[in-house]
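These numbers were taken from a predicted model, which means no experiment stands behind them.
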Amino acid sequence: MLDELRQRVQAHSPGSLPSDRNFPEAAVLMPITRSDDPQLVLTLRASGLSTHGGEVAFPGGRRDPEDESLVFTALREAYEEVGLAPGLVEVVGPLSTQISRHGIKVTPYVGFIPDYVEFKANDDEIAAVFSVPLEFFRDDPREITHRIDYLGYSWYVPSYRYGGFKIWGLTAMMVVELVNLIYDAGIELREPPPHFSHYR
């Protein structure tokens, strides 16, 4: 499965949101374990953070001026936040760039990691590190759908719940792209799902 995923990510043409603005850049790592039941590693950000506090996210953050590339940013931030050594990561490739609601241009990178890593969360930034089987997302077990309007477009973004963690927003959009790539899941973000209510 991971060989197939590697081929699909490397053959993928990531999209980018149409915009004539220059946004600050950031990068996140989407770590996937090398195992018979591959797991996607996520974090719960500390509640006191000024942006995305208390939310589920992939390890990552803003590009520093001295960062040589966005891949470097993703690996540096993953090491700083959860103690994931860059040498343990096989970076497979990028997915589509997204713009966060705080006006940050975020590029996700898929990476394979060993099936067991002892994460060391930076308590100032990360409240928890957890993993979700990729298979969990295959059939789109969304709780609700959030409509997000941005740059003249609407996205209908699923919100998932796993083990008490809520996976939604930008993180869910990245998950959907990954799951569509792996499983041909056909989860549509640009059209409302059946029975969608604007009040949900």
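Across all non-hydrogen atoms, the minimal contact from V41 to P59 is O-CD, 4.3 Å. What you find for P108 and S96 is that their closest heavy atoms are CD-O, 3.2 Å. When every heavy atom of V56 is checked against every heavy atom of F165, the shortest pair comes out as CG2-CB, 4.1 Å. Looking at every heavy atom in both residues, L40 comes nearest to F137 through CD2-CE1, 4.3 Å. When all heavy atoms of H12 and L95 are compared, the pair lying nearest together is CD2-CD2, 4.0 Å.
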When the side chains of residues 75-88 are checked against the rest of the protein, which donor-acceptor pairs come out under 3.5 Å, sequence neighbours left out?
from: R76; atom 1: NE; to: D67; atom 2: OD1; distance (Å): 3.1
from: R76; atom 1: NE; to: D67; atom 2: OD2; distance (Å): 3.3
from: R76; atom 1: NH1; to: E80; atom 2: OE1; distance (Å): 3.3
from: R76; atom 1: NH1; to: E80; atom 2: OE2; distance (Å): 3.3
from: R76; atom 1: NH2; to: R62; atom 2: O; distance (Å): 3.1
from: R76; atom 1: NH2; to: D64; atom 2: OD2; distance (Å): 3.4
from: R76; atom 1: NH2; to: D67; atom 2: OD2; distance (Å): 2.8
from: E81; atom 1: OE1; to: G60; atom 2: N; distance (Å): 3.2

Pair up each side-chain donor or acceptor in residues 25-33 with any protein partner under 3.5 Å, not counting sequence neighbours, and list the distances.
from: E25; atom 1: OE1; to: R63; atom 2: NH1; distance (Å): 3.3
from: T33; atom 1: OG1; to: S35; atom 2: OG; distance (Å): 3.0
from: T33; atom 1: OG1; to: Q39; atom 2: N; distance (Å): 2.8

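Taken from CG in L5 to CG in L178, the straight-line distance is 6.0 Å, to the nearest 0.5 Å. Going from atom CE of M174 over to atom CD1 of I167 covers 13.5 Å, rounded to the nearest 0.5 Å. Separation of atoms CG (L2) and CD (Q7) is listed at 11.5 Å; rounding is to 0.5 Å.
Inter-residue side-chain proximity for T145 and P192 is flagged as unmet; no heavy-atom pair is nearer than 4.5 Å. Taking the side chain as every heavy atom from C-beta outward, F58 and V175 approach each other to under 4.5 Å. Between V157 and L170, every side-chain heavy-atom pair lies at or beyond the 4.5 Å cut-off. Contact annotation: the side chain of R190 never approaches that of Y156 to less than 4.5 Å [non-hydrogen atoms, C-beta and beyond].
Every residue meeting the side-chain hydrogen bond (donor to acceptor under 3.5 Å, both in side chains) condition with R8, not counting sequence neighbours, appears here in chain and number order: E4, D184. Under the rule for a side-chain hydrogen bond (donor to acceptor under 3.5 Å, both in side chains), D123 has no partner lying at least two apart in sequence or in another chain. For F72, there are no ring pair (Phe, Tyr, Trp, His ring centres under 6.0 Å) partners, not counting sequence neighbours. Partners of S159 by side-chain contact (heavy atoms from CB on, under 4.5 Å), not counting sequence neighbours, listed by chain and number: I144, H146, K166, W168. Remark: F136 engages Y162 in a ring pair (Phe, Tyr, Trp, His ring centres under 6.0 Å) (not counting sequence neighbours). The salt bridge (charged side-chain N to carboxylate O under 4.0 Å, His left out) test applied to E135 returns R138, not counting sequence neighbours. With sequence neighbours left out, the side-chain hydrogen bond (donor to acceptor under 3.5 Å, both in side chains) criterion links N122 to E125. Residues passing the side-chain contact (heavy atoms from CB on, under 4.5 Å) test with P158 are D140, R142, Y160, V176, L189, sequence neighbours excluded. For the side-chain contact (heavy atoms from CB on, under 4.5 Å) test, residues two or more places apart in sequence or in another chain that qualify with A121 are I126, V129. A search for salt bridge (charged side-chain N to carboxylate O under 4.0 Å, His left out) contacts involving D149 returns R147, not counting sequence neighbours.
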In sequence, state the C-alpha distance, the side-chain angles, and the governing distance for T171 and E55, and then conclude on side chain to side chain contact (heavy atoms under 4.5 Å, CB included). CA-CA 9 Å; T171 300; E55 295 181 11; over 6 Å; no
